[in-house]
> 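One structure is given below, represented as structure tokens, and several questions about it will come after.
Atom set for the values below is all heavy atoms of this structure, side chains included, hydrogens, waters and symmetry mates excluded.
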Amino acid sequence: MNTLIAIIGLGVLCLLFEIFDLRKAIIPITIIGLLAILGLDISEFNSPATYYNNMIIVSKFSTAFSGLFIILTIFLVALSHKFYEHHQTKISDFIAIKVFLLAGTVAMVSFGNLAMFFLGIEVLSIALYILAASNRLSIKSNEAGLKYFLMGSFASGIILFGICLIYGAMGSFDVIEISELSQSAELPVWFPIGIVLVTIGMFFKIAAVPFHFWAPDVYEGSPTLTTALMSTLAKVVAIATLFKLLTIMNANISPSFQIVIVIISMASMTVGNIMALRQVNVKRILAFSGISHAGFMLMTLLNTTNAAGTLLYYTSAYSLAGIAAFSVIIYVCKNNENEDMANFHGLGKTNPLLAAILTASLLSMAGIPIFAGFFAKLFLFNNMLQAGFIALVIVAVINSIISVGYYFKLIMAMYTKEPNEERTGTPVVIYAVAVIAIVLNIALGLFPSYVLDLLA
């Protein structure tokens, strides 16, 4: 709870900096504040507690994922240093929105009441709608914001309708009370229908097939930094929230519901990878790659007994690789609304370090050793084999092989093509974020137990 209050306070402070004309201090002070909040979050790790009649529940699960969200937000804020210069808008607005968005993500993994769950979703969603359309002078950004707003509103309505049905069946918004009542032999028919509706709404948030159609267009049209946020932080918080929701409220997933999750997981992996093979726009490639990874993450819902640590490890590995990749994309594309693969031709010659970092991040996403992405898939597949989902693991392995095709297409463009232009003057912050993110990714691969054992 202290973490959530501190994040909100930091967001208000960002707005006050604009009033006192301290724009240059906003980003460094925000990063320092987020580091302090990260320390506060870590201090609460072994101190479970509930607040405001179970509205907020602080647990190892919530603090571990909140720590990941704070780290990702630090990277995203750092990348904002030069990104918004041409937007003709106060940078304090963008930084404050990101901080308040972080508050929504923390609420989403700390909820103990469905009202707080929905409040967190709306804080996250509204911030993303604004950021998607934040480049007011770009038609693509305007279209992305409108499309995401319309589709997201439908998804939020479905979630809210599902919450209403759950309340109608159980007479309570408290998830612990709902969990106890759900063990009853006779449940009102509205309860499973409500669970299904909430799950469908969350499938939209993580862009799982068949609720994925918005993702490629919104990713392509949004400013690149917003795409990075959607691809990493927003996707990770959605799957973590869905995992917590189903674990608390429906611990014993019925066989029919398991079949549905298996089908959606297979479809997400397959559709995402096959469609990514045909793309030439790097942001669309990573959009379909994210759809594929959503399919992998959904596998954790099938065996929730020991899957919390595996999910934390997978999301950490995926998001850190994504941050490193988008750092390079921001440098190469420079807000010119052209993220085609041709822009990356010869990057290995003009900037070997950034080319190596992008290569490493793509190899991690593909699941190549020694990167954390390989071990994330290894631990995930091991859990699924123990649970008896052999066919799903086979499909997942095949899809991992397919993904190598489009990842290596971009890698080959960097090292086998001649550069289109000379690139000079790489900002230090790009190097810093990219290097730190990929080093953390490699460290996770070398020392996986440090993350896996957090939620054991």
Side-chain angles (χ1 to χ4, degrees), residues 155 158 192 195-216 231 234-247 249-277 286-319 322 365-367 373-404 406:
I158 292 171
I195 292 291
V196 169
L197 289 176
V198 172
T199 304
I200 288 173
M202 295 306 296
F203 282 162
F204 169 87
K205 300 297 182 183
I206 64 174
V209 173
F211 312 101
H212 69 290
F213 293 101
W214 62 273
S231 179
K235 187 178 292 289
V236 166
V237 67
I239 188 65
T241 304
L242 179 59
F243 179 89
K244 176 178 178 177
L245 191 69
L246 294 181
T247 301
M249 297 176 59
N250 195 24
N252 299 315
I253 298 178
S254 66
S256 58
F257 196 51
Q258 281 188 342
I259 293 173
V260 172
I261 294 176
V262 168
I263 292 172
I264 292 178
S265 176
M266 288 181 175
S268 298
M269 289 185 285
T270 306
V271 172
N273 282 323
I274 291 176
M275 292 302 295
L277 289 170
L286 292 180
F288 283 110
S289 169
I291 293 169
S292 171
H293 281 283
F296 283 98
M297 295 177 197
L298 285 175
M299 294 166 67
T300 58
L301 302 177
L302 299 169
N303 182 22
T304 58
T305 305
N306 299 310
T310 304
L311 179 62
L312 177 62
Y313 187 84
Y314 195 105
T315 52
S316 300
Y318 167 75
S319 55
M365 292 183 189
F374 167 78
F375 296 99
K377 291 183 178 180
L378 179 65
F379 300 138
L380 183 62
F381 295 165
N382 183 53
N383 281 355
M384 291 299 99
L385 289 174
Q386 291 179 357
F389 295 97
I390 299 174
L392 179 58
V393 172
I394 293 173
V395 172
V397 171
I398 293 172
N399 274 282
S400 295
I401 296 171
I402 294 173
S403 69
V404 173
Y406 57 85

> Please confirm whether the backbone N or O of Ala238 pairs with a side-chain atom of Lys205, one donor and one acceptor, at under 3.5 Å?
no
> Side chains of Leu277 and Phe288, heavy atoms from C-beta outward: is any pair under 4.5 Å?
no
> For the residue pair Tyr318 and Ser289, confirm or rule out a side-chain donor-acceptor distance under 3.5 Å.
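No.
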> Would you name the heavy atoms of Phe243 and Thr300 that are closest together and state the gap between them?
CE1-O, 3.6 Å
> Please find the pair of heavy atoms, one from Ile291 and one from Ala215, that lie closest to each other, and give the distance.
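Scanning both residues completely, I find the closest heavy atoms to be CD1-CB, 4.3 Å.
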> Quick one: does Trp214's side chain have a donor or acceptor within less than 3.5 Å of a partner on Ala207's backbone?
no
> Would a 4.5 Å heavy-atom cut-off, applied to side chains only, mark Leu246 and Met202 as touching?
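Answer no - side chains too far apart.
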> How many angstroms lie between CG in Leu298 and CG in Leu392, if you round to the nearest 0.5 Å?
10.0 Å
> Measure the spacing between CE of Met384 and CG of Leu302 and express it to the nearest 0.5 Å.
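The CE atom of Met384 sits 5.5 Å away from the CG atom of Leu302.
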> Looking at side-chain heavy atoms only, is the closest gap between Phe211 and Ile206 below 4.5 Å?
no
> Indicate yes or no for a side-chain donor-acceptor contact from Asn273 to the backbone of Ile402 under 3.5 Å, with no hydrogens or angles considered.
no
> Considering only heavy atoms from C-beta outward, does the side chain of Thr270 approach that of Ile398 to under 4.5 Å?
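No, too far: nothing below the 4.5 Å cut-off.
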> Can you check whether Ile261's main-chain N or O pairs, donor with acceptor, with Ser265's side chain at less than 3.5 Å?
no
> Would you give the length of the straight line joining atom CG of Leu242 to atom OG1 of Thr247, rounded to the nearest 0.5 angstrom?
8.5 Å
> Please report the interatomic distance CE(Met299) to CG(Leu311), rounded to the nearest 0.5 Å.
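Atom-to-atom, Met299:CE and Leu311:CG are 12.0 Å apart.
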> Sub-3.5 Å donor-acceptor pair from the side chain of Asn382 to the main-chain atoms of Leu378, do we have one?
no
> If you round to the nearest 0.5 Å, how far is CG of Asn399 from CE of Met266?
9.5 Å
> With sequence neighbours left out, what residues match Ser316 under side chain to side chain donor-acceptor pair (under 3.5 Å)?
none
> I'd like to know if the side chain of Ser403 and the backbone of Ser400 have a donor-acceptor N/O pair within less than 3.5 Å.
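Checked: pair present.
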> Ser268 side chain to Val209 main-chain N or O, any donor-acceptor pair under 3.5 Å?
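Flag set: sc Ser268 to bb Val209 pair under 3.5 Å.
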> Are the aromatic rings of Tyr313 and Phe379 close, with centres under 6.0 Å apart?
yes
> Just checking, Lys377 and Tyr314: is the charged tip under 6.0 Å from the six-membered ring centre and within 45° of the axis?
no
> When you compare the side chain of Phe389 with that of Asn383, does any pair of heavy atoms fall below 4.5 Å?
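Side-chain contact under 4.5 Å: no.
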> How many angstroms lie between atom CG of Leu286 and atom CE of Met365, to the nearest 0.5 angstrom?
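Reported value, rounded in 0.5 Å steps: 5.5 Å.
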